[in-house]
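First the proteins, then the strands, lettered A, B, ... as listed; each starts at 1. Reckoned from all heavy atoms, side chains included, excluding hydrogens, waters and symmetry mates.
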Number of protein chains: 2
Amino acid sequence: MKDVAAAAGVGLKTVSRVVNGESGVTDGTAERVREAIEALGFRRNDSARLLRTGRTASVALVLEDISDPFSSALSRAVEQVAAAEGCLLFTGSSGEQADRERELALAFCARRVDGLIVVPAGDDHRYLLPEIASGTPVVFLDRPAGGIDADAVLSDNAGGARRGTEHLIAHGHRRIGFIGDLRAIHTAAERERGYRAAMAGAGLPVDDRWVDCGPTDRARVGEAVRRLTTGPDAVTALFTANNRVTLAALHHLPAERRPAVVGFDDLELADLLTPGLTVVAQDPAALGALAARRLFARLAGDVGAPACLEVPTTLIPRGSGEIRP
Amino acid sequence: MKDVAAAAGVGLKTVSRVVNGESGVTDGTAERVREAIEALGFRRNDSARLLRTGRTASVALVLEDISDPFSSALSRAVEQVAAAEGCLLFTGSSGEQADRERELALAFCARRVDGLIVVPAGDDHRYLLPEIASGTPVVFLDRPAGGIDADAVLSDNAGGARRGTEHLIAHGHRRIGFIGDLRAIHTAAERERGYRAAMAGAGLPVDDRWVDCGPTDRARVGEAVRRLTTGPDAVTALFTANNRVTLAALHHLPAERRPAVVGFDDLELADLLTPGLTVVAQDPAALGALAARRLFARLAGDVGAPACLEVPTTLIPRGSGEIRP
DNA sequence: CGCCTGCTGGACAACGTTGTCAAAGCGGGT
DNA sequence: ACCCGCTTTGACAACGTTGTCCAGCAGGCG
């Protein structure tokens, strides 16, 4: 910019004015400046600009794994709201590791992003207190914050799981298995709670051997499926508590004599399977958009008490959940 | 930092030294500084730091749509390489619109990202010449750059499509339909080329009515499917040239009397369909990682001539492509 | 005792931009 | 001729860091 000013024979501030389309520059001068800009291939350095103005016009999203369809749908929704607000978006994947989540979140804060959306991996977010105190709004997405009072946008996990389980019960099942994620993960615990609530609501006992929680790799889920669906005590239906579990379970279920299955999270080809896969679908687009709007409301000066917003889920019957025992 | 210096009763530079772990500070002084930092909740402003040092330790990825599984897999791969290099990642979706791609790319450059990876939406990238000239390396991913000579990392689109089509021919098909994306998209054109090469290689004619290119929304693909698979001239097999087309086509194909299908791009549940979906799979993780590594090689000073790297595709037979006419 | 060396610490400029403010130029009214 | 008000313009500080450079001080050596 200094060079442009020198080339056009004007002051620094005049160039700044032209670049920003401010008024108070004669057409002739502006024209000369524009020529100099063109000749020198000048592009304004937004980093410096934003250092001066105090806003970075960027927000950051820490999620579990951007390659997961649920995460990437969240990301897209956040991006759209951010774009409408003229903000660019940083994304980072925690890989479900609390320290990586923390590292990413703090790195973004050190960059002075205007706001931060976090899909928690850890369960203690007090490390963000100084950042929040210094004015960076933080919204938690998909799972609530741990140890601090902050905005959160969540799916109705318990309600959805309850509804899905009740659907199986309504179709005559009494022995229903639950295969979930690690209990330390809030959504996983909530879904188990919903499953148990449905069973209790129908006056059905839950054998502890029917409930299998753990990491969502195929081997472990396969083992759980084998254990739950064989032997004299085999369950007649399965509730699989997230998309990875559902996927893994489907791969391990025998094609013939398959138990009824209801999965949490929709899958892209779910309706083309035989039978179609009955799911409790979340609405990641709504979740992401809601979180982003909340963030920008905070940025716009909303100082109300932190709130926890809940997004409903939808049961989509497609066949696999309607199989009778 | 000024406040910290005042609180600790030391100079500005001493604080900077402590924060960056530089040598030349006595333990006592360092301790006092650390206490002041703690007391004031100071966090270094990386934006300012990076303005001073000239590197932003961030790279940007412009892709088609982060919510598409292919895009998000690319993103994850790029992110991993970037993280290993200590870089944060900006992502932005062009939505297949050239001007949005340009807008995003230039916004990232204005932020002075250290490097840029672009999945092109447009076909003219001369607008990036000033940025490249000023030292920002740009790598094109999935599709080549238009109008400029730059690094690119591509899938073997033509080869993969040829292989998939030959697979259908080998299973006895003579009348094979091709449903693709807009011809303006490089990958779409390449895949059509591969299809035609396979047909020509086998001495088979291609009726122009068998080839249907256009937007990948379900309605248009459904119409194409209907047209190609009915009537006395119906094809006996379909090559669907990307994941969205495949998905839409599967939704519109009659379950009974379904033609043979080979799709370009793998789908998550492809192996659980009946029959399993035969695909030509790309390797988005390899594509993304390769592009990112190329970018960082450039950043590390590699000044070799721009190169176009090609990643092979894999034919995965699962049943739908082995159906005989 | 003087000089050199090594270490610690701080003053200052610089990165590239924008906000503030004052000066210069100009036209018009008295 | 003078003053007023308005527009255009530029000098300068500031944003929060880091790089450069120099001062001060203690200790070792000739």
**Report entry** A:T56 (side chain) donor-acceptor with A:R112 (main chain) under 3.5 angstrom
**Finding:** yes

Query raised in the report: Does a salt bridge link B:R143 with B:E96, judged by any charged N lying under 4.0 Å from a carboxylate O?
Result: yes

Requested in this report: Using a heavy-atom cut-off of under 4.0 Å over every strand shown, decide if B:G9 touches base, sugar-phosphate, or nothing.
Outcome: sugar-phosphate

Requested in this report: Could you check whether A:T29 gets within reach of a base, just the sugar-phosphate, or nothing at all, counting any heavy atom under 4.0 Å?
Outcome: sugar-phosphate

Requested in this report: Heavy atoms only: give me the nearest B:S71-B:I66 pair and the separation to one decimal.
Outcome: CB-CA, 4.2 Å

Query raised in the report: Does a side-chain N or O from B:T26 land closer than 4.0 Å to OP1 or OP2 of C:dT8, or not?
Result: no

Report summary line: In short, salt bridge (Lys or Arg N to Asp or Glu O under 4.0 Å) pairs touching residues 71-85 of chain A with sequence neighbours left out are A:R76-A:E79, A:R76-B:D65

Query raised in the report: Take atom CG in A:D99; do more than 12 heavy atoms of anything else shown fall under 6.0 Å from it?
Result: yes

Report task. Using a 4.0 Å cut-off on protein heavy atoms (strictly under), produce a 5'-to-3' string for nucleotides 13-25 of chain C with B for base contact, S for backbone-only sugar-phosphate contact, and - for none. Result -> BBBBBBBB-----

Query raised in the report: Is the number of heavy atoms from other residues, nucleotides or ligands under 6.0 Å of A:D27 CG greater than 12?
Result: no

Query raised in the report: Any side-chain N or O of B:T14 under 4.0 Å from OP1/OP2 of C:dG10?
Result: yes

